[in-house]
Amino acid sequence: MPKTILTGLRPTGNLHLGHLFGAGQNYVKLQNDYDFYLEIADVQALTDNFNNPEKVRKNVMEITIDLLSIGLNPEKVHFFIQSRIPEIAELTVFYSNLVTVARLERNPTVKTEIAQKKDLFGNNGESITYGFLGYPVSQAADITAFDGEIVPVGEDQLPLIEQCREIVRKFNSIYGKTLKEPDAILSNTKRVKGLDGNDKMGKSLGNAIFLNDDEKTITKKIMSAVTDPQKIKKDDPANPEICMVYYYHNLINTKRNTEKICQECKKGSRGCVQCKKELIEAMNNFLKPIKEKRAYYEEHPEKVKEILEEGTKKAKEKAEQQMKKVKEAMKINY
Ligand code: TRP
């Protein structure tokens with residue numbers, strides 16, 4: 001039996017290059033060797049978007065299309081919608097007895113997010129909701145409802161997986177060995193930098209190239225990407241190591257082209273405008289197969305719905321079995 005993988009994404013926006021290199025490409029590899037459950041975490045998205053349900057609803061379809069268009073195969077991956085699996089909500093209630101409020105308040109991921117969401121939760125987190133503080137408990141339910149053994153995530157998520165493992169150990173020690181302790185695996189690719197040179201590409205940072213950006217948008221974004229500030233004239237030699245245009249060439253262009261670009265840039269025989277134009281073309285070529293798949297699914301939304309329906313059905317069966325075991329262990333199997 002292949003091991004079970006479970007991971008989730010909050011449907012709050014389209015995927016960008018950071019998601020593709022940091023996670024998506026890894027999922028595409030993993031789908032061949034594991035029983036892969038991929039949760040569209042709409043309930044979790046609502047914990048910090050409770051006042052914007054339209055956004056979450058729209059992005060359930062959008063993110064599913066993004067994931068299909070990067071090459072996830074619906075024959076191999078069970079795509080499912082979190083809110084359609086009530087067992088997750090039920091487990092969340094049971095697990096909430098096994099976690100202290102102080103422990104949740106200490107969770108580094110939660111702490112960072114509260115600090116980033118001052119508009120929603122107040123300057124010192126004084127307006128934090130019960131639901132948001134508790135979302136690590138719900139995420140532990142996401143994982144264990146499907147007997148998830150391996151959880152591919154970014155580094156920022158490690159404290160949440162650790163919290164899940166603690167809940168599992170506590171559950172097993174009180175009610176008898178029932179749940180598996182999941183292991184996190186990190187995506188092997190590095191973090192993708194933003195167009196502005198920031199260490200991280202992010203939607204809220206406004207420095208991202210989205211997988212569904214049209215050619216006009218890509219041109220505009222790349223033309224404004226940060227280059228070596230010392231290079232003023234077209235034939236000034238420059239340092240490609242601090243240039244975002246070179247950085248993206250390196251990411252998506254061929255090795256041969258990239259080496260040539262590097263040499264020419266250092267020598268001063270290549271202008272930034274030419275270099276950006278070449279990057280625009282390379283980026284469009286790189287994104288072309290992804291966009292073709294996206295166009296197909298946009299024209300066939302019924303196929304996307306069917307994929308979600310099938311995956312949700314499969315996920316629900318698995319969660320029901322798991323719930324039976326949990327209720328038995330907790331002596332609430334009336
Ligand atoms: N918290 C994750 C994120 O923001 C999304 C997520 C929800 C998740 N449920 C999960 C990740 C279960 C791993 C396992 O990216």
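Just follow the structure's listing: the first ligand is 1, and inside any ligand the first atom is 1. Keep in mind that what you see is a predicted model, and the values were worked out from it rather than measured.
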Is the shortest distance from a Lys or Arg side-chain nitrogen in Glu328 or Lys324 to a carboxylate oxygen in the other one below 4.0 Å?
no

Numbering the atoms of ligand 1 from 1, which are under 4.0 Å from a heavy atom of Ala41?
7 (C)

Just need the protein heavy atom nearest to atom 5 (C) of ligand 1, so name the residue and atom and give the distance.
Gly8 O, 3.4 Å

Sort and list the pairs that fulfil side-chain hydrogen bond (donor to acceptor under 3.5 Å, both in side chains) and have at least one residue in residues 39-59, not counting sequence neighbours.
Arg10-Gln44, Arg10-Asp48, Asp42-Ser83, Gln44-Gln139, Asp48-Lys117, Asn49-Lys55

Which one holds for Val153 and ligand 1: side chain close, backbone close, both close, or neither close, with close meaning a heavy atom under 4.0 Å?
side chain

Answer yes or no: is there an ion pair linking Lys327 with Glu90, defined by an N-O contact shorter than 4.0 Å?
yes

Quick one: nearest non-hydrogen protein atom to atom 3 (C) of ligand 1, plus distance?
Gln157 NE2, 3.5 Å

For atom 14 (C) of ligand 1, tell me which residue out of Asp156, Leu38, Thr109, Val151 has the closest non-hydrogen atom.
Val151

Examine Phe79 together with Phe36 and report whether their ring centres are nearer than 6.0 Å.
no

Give me the residue, atom name and distance of the protein heavy atom closest to atom 4 (O) of ligand 1.
Arg10 NE, 3.3 Å

Please identify which atoms of ligand 1 are closer than 4.0 Å to at least one heavy atom of Leu6.
12 (C), 14 (C)

Checking a contact table here: which protein heavy atom is nearest atom 9 (N) of ligand 1, and how many Å away?
Asp142 OD2, 2.8 Å

Flag Gln139 as yes when one of its N or O atoms lies below 3.5 Å from any N or O atom of ligand 1, and as no otherwise.
yes

Presence of salt bridge, Lys325 and Glu320, under 4.0 angstrom:
no

For the NZ atom on Lys76, are there more than 12 heavy atoms of other groups (residues, nucleotides or ligands in this structure) within a distance under 6.0 Å?
yes

Show me which atoms of ligand 1 lie under 4.0 Å from any heavy atom of Gln44.
1 (N), 2 (C), 4 (O), 5 (C), 6 (C), 7 (C), 9 (N)

Is the shortest distance from a Lys or Arg side-chain nitrogen in Lys180 or Asp147 to a carboxylate oxygen in the other one below 4.0 Å?
yes

Salt bridge or not for Lys111 and Glu105, using N-O below 4.0 Å?
no

Mode of Gln82 contact toward ligand 1 - side chain, backbone, both, neither (heavy atoms, under 4.0 Å):
neither

